[in-house]
Every structure is written in structure tokens, then in C-alpha cells.
J.: 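The structure follows.
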Number of protein chains: 2
Amino acid sequence: MTNNYELYKVFYWAAKTGSLTQAAKALYLTQPSVSHAIKQLEERIGVTLFYRNSKGVSLTQEGKILFSYIEQSQILITLAEEKMVALKNLDSGELRIGGSDSLFKHYLLPFLEDFHVKYPGIKLHLNHGTTPEVISYLKEGRIDLGVVRMPIFDSQLEVTESIELQDCFVAGERYAELKGQALSMEQLMEYPVILFSRNSRVRMAITELFEKYGHELKPDIEVGSVDLLIEFAKRGLGISYVTREFVAKELKEGSLFEIELDVEIPPSKVGLMVMRNMPISAAATRFIEVVH
Amino acid sequence: MTNNYELYKVFYWAAKTGSLTQAAKALYLTQPSVSHAIKQLEERIGVTLFYRNSKGVSLTQEGKILFSYIEQSQILITLAEEKMVALKNLDSGELRIGGSDSLFKHYLLPFLEDFHVKYPGIKLHLNHGTTPEVISYLKEGRIDLGVVRMPIFDSQLEVTESIELQDCFVAGERYAELKGQALSMEQLMEYPVILFSRNSRVRMAITELFEKYGHELKPDIEVGSVDLLIEFAKRGLGISYVTREFVAKELKEGSLFEIELDVEIPPSKVGLMVMRNMPISAAATRFIEVVH
DNA sequence: TGTTAGTCATAGATATGGTCTATATCTCCT
DNA sequence: AGGAGATATAGACCATATCTATGACTAACA
């Protein structure tokens with residue numbers, strides 16, 4: 001049986017209101033249209049569904065049975081449509097973001113707070129991982145949006161640049177002697193260096209910069225979180241390579257100071273990645289606007 | 001939002017098969033039709049539902065949410081359609097018959113048995129009552145079919161005549177002296193008469209017959225069931241007025257004998273009543289055919 | 001690296017059939 | 001009897017669902 005489901009909508013309203021005329025009003029149709037639709041439905045399924053009275057219509061035994069199914073079905077469709085409106089209006093839905101812990105904590109946090117206050121119906125899912133992991137999450141469809149350090153070269157991704165961050169070397173009081181100087185790379189490498197683990201974008205960038213000048217930068221200590229980089233530097237275990245904006249507090253209070261180099265370290269940008277040629281959810285679209 | 005529900009059917013199949021081409025086959029449409037339908041649905045609800053890949057389509061986050069509702073909805077419609085087919089094929093449904101106990105027992109029983117064996121999916125509901133009760137059950141829609149004695153004069157009812165029954169007076173051995181005679185009404189009224197309760201059609205018929213000849217027939221005993229009529233007569237409590245066909249066994253075995261009158265008692269027919277101008281269920285239609 | 005075979009998307013022509021207006025029929029109520 | 005409701009019917013119309021033909025893209029493979 002290959003019925004036009006539109007007929008069930010008419011049936012539902014006719015049964016619900018007990019009147020073809022009322023159903024027509026509810027559906028913005030004319031009474032003859034409804035009459036015709038009901039007749040057609042009855043013919044197609046081969047069962048009489050309504051008694052036609054002088055004051056309206058009422059369901060036959062079979063009509064009641066049909067209605068018990070169709071009513072549920074129509075309610076579900078109505079709920080579905082309401083849900084879709086909610087999703088579009090950002091009253092509902094979820095936003096899955098991938099990125100590094102440090103970017104979440106030091107960069108995204110205020111945006112996430114604002115967004116959550118403004119759209120409390122949207123569930124936030126934060127998935128941390130390295131840049132390649134975040135990219136693969138994106139490609140697998142496990143996240144809607146990736147937040148990583150630039151540059152990103154991947155033709156499947158659409159990247160929009162966000163703020164610029166400046167990385168730098170910092171140390172604690174133990175190395176106070178280095179304050180105010182501009183060190184050369186060789187000089188710096190005399191000291192114990194603390195770097196983020198190998199697979200990070202920041203680590204790759206500084207390693208490449210040293211290589212460009214013919215040096216191989218090998219850390220004495222390798223850690224897996226920005227917090228540890230900061231903590232180790234503060235305690236005098238060595239010189240940490242960190243993002244300046246992420247240690248703003250420590251620099252201001254003096255527990256860390258910046259060590260200047262005689263070469264310029266290029267700034268790096270934060271990139272917001274989504275899949276190219278893939279539709280983006282309303283929530284993700286709005287969040288990118290907010291961040292940007 | 002006033003959507004064409006037909007679009008949800010297309011959406012369902014596209015999501016289910018993960019391919020617009022496959023959905024088109026399932027729906028006996030062409031691929032461009034499906035493509036167009038999906039696009040239209042997306043535009044109307046303002047949400048992108050599918051990722052278009054080179055090997056088919058897959059649901060977006062929002063699409064998955066919509067699908068969770070629509071899937072249930074479509075399943076219900078499918079169940080409804082199957083149920084309607086079952087009703088039409090008499091694999092399912094119910095048949096509600098109103099009538100007197102005696103007609104059920106002595107007249108309808110074999111038909112009911114046959115019908116039940118042939119259509120075991122149809123539930124039978126037997127509602128006993130007097131003729132006016134049965135008629136009001138019909139008008140209230142509580143039964144599909146009424147089985148009563150003719151004649152029935154009610155313009156709202158459509159009556160088809162069934163078999164002819166012959167009522168008669170019977171007595172037991174105690175009144176053996178009356179065997180073989182043809183009594184006059186006066187003679188009969190000398191004996192104790194046992195009649196069915198006042199509101200029955202049979203009682204009215206015999207009362208009217210006596211009135212027509214200027215007699216008032218008043219029973220000495222009035223009972224509420226045909227079984228009691230028979231039992232009382234057998235035990236010699238009086239002369240019962242019963243339907244000959246219902247005491248066939250007793251007449252044959254000799255526990256009762258018929259008392260002939262010198263006037264002819266007109267036979268009465270059984271009528272099958274349904275509401276005029278009201279659709280009749282498939283089950284009721286079939287049952288009437290079987291009985292007739 | 002071109003070829004092929006599978007996706008889905010688009011454009012434009014077509015015709016189905018849903019919808020309308022006008023009117024009839026019926027029932028109930030005054 | 002007449003009016004005010006209800007649904008049913010007939011026929012015209014046009015919106016739009018659907019089709020054909022084609023394009024664009026991707027993946028797999030020779």
C-alpha cells in the first residue's frame with residue numbers, strides 16, 4: 001500500500017475535531033478538499049473510517065483503530081518539528097569542540113562561558129587532543145569544530161584565523177641573571193630547556209625555527225601540559241617555552257619573566273577548523289561568530 | 001510550520017538506506033525526485049539534515065535527532081496500514097451483535113461457530129437485550145448488528161429478513177388430554193398459560209393475535225428466558241408459548257407436545273438489523289452474508 | 001593518470017492530482 | 001416551512017511533484 005501520508009494528516013484533524021469543516025480550518029483548506037481527502041483515504045485502504053452525521057463526523061470502529069496509531073504518529077511529527085525549531089533557534093542542541101586543554105583553558109573559556117549563558121539549552125562537549133587527533137575527530141564527525149594553532153594545511157578543512165598568540169621563553173627567579181638580556185640561540189641552549197611534548201604544534205614551530213638557524217633544540221624536560229610547563233619554570237627547573245598570553249598572570253606578578261631572544265619568534269595564530277563542504281550546525285556557526 | 005508529511009516519508013527512507021538512489025527505488029521514484037524532496041524539507045525546516053558523500057548520504061547531528069522521531073512515526077503508520085489490511089481481510093477486528101439470548105442460543109449459535117472457526121481473528125461480542133434495547137444499542141453504536149424478531153418498523157434501520165420461525169403452544173405429559181385436538185382460544189385460556197416477559201416481541205405478537213379475536217391473554221406465569229418456558233411446560237406447570245424450532249428436541253423426544261389452535265398463528269421472521277446509511281464493518285458484512 | 005562507475009545536484013518540461021468554487025443534499029431546529 | 005448547519009459532488013484550474021537529460025564530483029582501478 002503506497003499511500004500519501006498527507007492524507008493521514010487530514011484524517012488526524014478530521015478525527016480530532018470531529019468535523020470536516022473544522023479540520024479544513026485547521027489545515028487552511030476548504031471543506032470539499034477535506035471531504036475529498038478523507039474519501040480518497042477510505043478508498044485506498046478499503047475501509048470506511050467515519051460516520052457522517054448531520055452535525056459532523058465520528059469515527060467508525062475501524063476508524064478508531066486507525067486513529068490510535070495515527071494520533072501517536074502525528075504527535076511524534078509535531079514534536080519533531082518543534083525540536084527542529086528549537087535546534088534552529090539554539091534553544092536545544094549540542095556543540096562538540098575539539099582542541100588542546102591549554103587553548104580551552106586560556107583562550108576559549110570566556111567564550112564558552114558567554115555562549116553557555118546565552119544559549120543554556122546547548123550542551124557543550126569538549127574533546128581534548130593533539131592537532132592531528134582533533135583533525136581526525138573532525139573527519140570522523142565526532143566534533144563540529146576544532147580549535148588549534150595555525151598553520152593548518154588540509155584541503156578538506158576550512159580554517160578561519162582567530163587571535164594571534166606570541167610564544168616565548170620564560171624562567172623563574174633562579175635564572176634572574178638573564179633578565180633584560182637578548183640571548184642568542186646558542187646561549188639559550190646552554191640552559192635546561194623545558195618543552196611541550198613532541199606532537200604539539202607549538203613544539204614543532206620552535207624546533208623548526210631553531211633548525212632554520214642551524215640548531216637542534218633538544219629539551220631537557222618534556223611535559224604534557226601547559227600547567228606543568230609553567231610550574232616547572234617557576235620552580236627553577238629550566239627555561240620553558242610557553243605562550244605569552246597564557247602566562248600573563250605569572251609575568252605580571254613576577255613569578256616568571258620573559259627571556260628575550262636575538263631572533264624574532266614569529267607569532268602564531270589560533271585557527272577554528274570545520275570540515276569544508278560539510279554543513280555546519282547552527283550552534284557551531286553561532287559559536288564561530290561569537291569567537292570571531 | 002505547515003509541512004508536507006510526504007517529505008518525511010522520503011526523509012525516512014533516505015536516512016534508513018543512507019542513499020538517495022536506494023530511497024528512490026524503495027519509493028518507486030527517481031533519484032532527482034528524492035534529491036529535490038530532501039532539499040525542500042531541509043529548506044522548510046531550515047536545518048541541514050544530510051551530509052552528501054560520494055558514496056551516499058549520512059545524517060547530520062540534527063538529522064539524527066529528526067530521524068529518531070520520524071522513524072517511530074513511520075513505524076506507527078506502517079503498523080496502522082498493516083492493521084487496516086488485517087481488518088479488511090477479516091484477520092482482525094471485532095463483531096458486536098445484539099439480540100435475545102434465545103436467538104443466540106437456538107438460531108445464531110451454529111453461524112457463530114462457523115464464523116469463529118473461519119475468522120478466528122475476529123472477536124465476537126454478544127450483547128443480549130430486548131428488541132427496543134437492541135435497537136437503542138444499534139443507534140448508540142454499541143453494536144454492529146441486531147438480531148430480533150420481525151416485524152421492525154424503524155426508518156433508521158435497514159432490516160434483512162432471515163429464516164421464518166413458527167411459534168406455538170406446547171405442554172408436557174400432564175396435559176396429555178389435549179394431544180391431537182385443535183383448541184379454541186377460549187378453551188386454551190382455561191389452562192394456566194406461561195408466557196415470556198411483557199417486553200418481548202413474541203409475547204406482543206400472541207397478545208395482539210388474541211386481541212384481534214376479542215380476547216385478553218393474561219399469563220399465569222411470566223418468565224424471562226426461553227429455557228424456563230420449556231422447563232416449566234415440561235414439568236406441567238402450564239402451557240407455554242414457544243418457538244417450535246427451539247423445542248424441536250423436546251417435541252421429538254416427546255417430553256413436550258404441541259397444542260394446536262383453531263386459528264392460524266402467523267409465522268414470524270427473524271430480522272438482521274443494521275443502521276441505515278451507516279457504513280457497516282467488513283466483519284458485520286461478512287457475517288450477514290454467512291447467515292443469509 | 002586517465003577511465004569508469006558510482007554518487008548527488010540542477011534545469012526545464014510535463015502531467016498528475018490536490019485544491020478551489022459553485023452547488024446539491026441531507027438533518028436538525030425553530 | 002424555512003433556515004442554518006453539516007457533508008457530498010462536479011468540474012475547472014493550476015501548483016507542484018515527478019520525470020528526463022545532463023552536470024559535477026569522488027573513489028577505485030587499470
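All values derive from a computational prediction rather than experimental measurement.
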J.: Go through the structure and list residues passing side-chain contact (heavy atoms from CB on, under 4.5 Å) with A:Ser197, not counting sequence neighbours.
T.: A:Asn199, A:Glu222
J.: State which residues pass salt bridge (charged side-chain N to carboxylate O under 4.0 Å, His left out) with A:Lys139; sequence neighbours excluded, sorted by chain then number.
T.: A:Asp154
J.: First and last nucleotide of DNA chain D in contact with chain A, 5' to 3', at under 4.0 Å to a heavy atom: what are they?
T.: D:dA6 to D:dT9
J.: Find the distance A:Leu7:CG to C:dG17:P and express it as a whole number of Å.
T.: 12 Å
J.: With sequence neighbours excluded, what pairs up with B:Pro32 under the side-chain contact (heavy atoms from CB on, under 4.5 Å) test?
T.: B:Thr30
J.: When you measure from the side-chain N and O atoms of A:Thr30 to the phosphate of C:dT19, is any distance below 4.0 Å, counting only OP1 and OP2?
T.: no
J.: Does A:Glu208 have any salt bridge (charged side-chain N to carboxylate O under 4.0 Å, His left out) partners at least two apart in sequence or in another chain, and if so, which?
T.: none
J.: Residues two or more places apart in sequence or in another chain: which of them pass salt bridge (charged side-chain N to carboxylate O under 4.0 Å, His left out) with B:Glu133?
T.: none
J.: Could you list the residues that satisfy side-chain contact (heavy atoms from CB on, under 4.5 Å) with B:Leu124, not counting sequence neighbours?
T.: B:Leu95, B:Leu112, B:Phe115, B:His116
J.: I need the CG-C1' distance between A:Leu29 and C:dT21, as an integer number of Å.
T.: 14 Å
J.: Please enumerate all residues that pass side-chain contact (heavy atoms from CB on, under 4.5 Å) together with A:Glu43, with sequence neighbours excluded.
T.: A:Lys39
J.: Considering only heavy atoms, which members of residues 62-69 of chain A lie under 4.0 Å from some atom of DNA chain C?
T.: none
J.: Scan side-chain atoms only and decide if B:Ser162 and B:Tyr107 contain a donor-acceptor pair under the 3.5 Å cut-off.
T.: yes
J.: Output a table of donor-acceptor pairs, distance under 3.5 Å, between side-chain atoms of residues 61-71 of chain B and any protein atom two or more places apart or on a different chain; print 'none' if there are none.
T.:
unit_1, atom_1, unit_2, atom_2, d
B:Gln61, OE1, A:Arg96, NH1, 3.3
B:Gln61, NE2, A:Glu94, OE2, 2.5
B:Ser68, OG, B:Ile65, O, 2.6

J.: Got a sec, which residues hit salt bridge (charged side-chain N to carboxylate O under 4.0 Å, His left out) with A:Arg201, two or more places apart in sequence or on another chain?
T.: none
J.: Going 5' to 3' through nucleotides 7-12 of chain C, assign each nucleotide B (protein heavy atom under 4.0 Å from a base atom), S (under 4.0 Å only from sugar-phosphate atoms) or - (no protein heavy atom that close).
T.: SBBB--
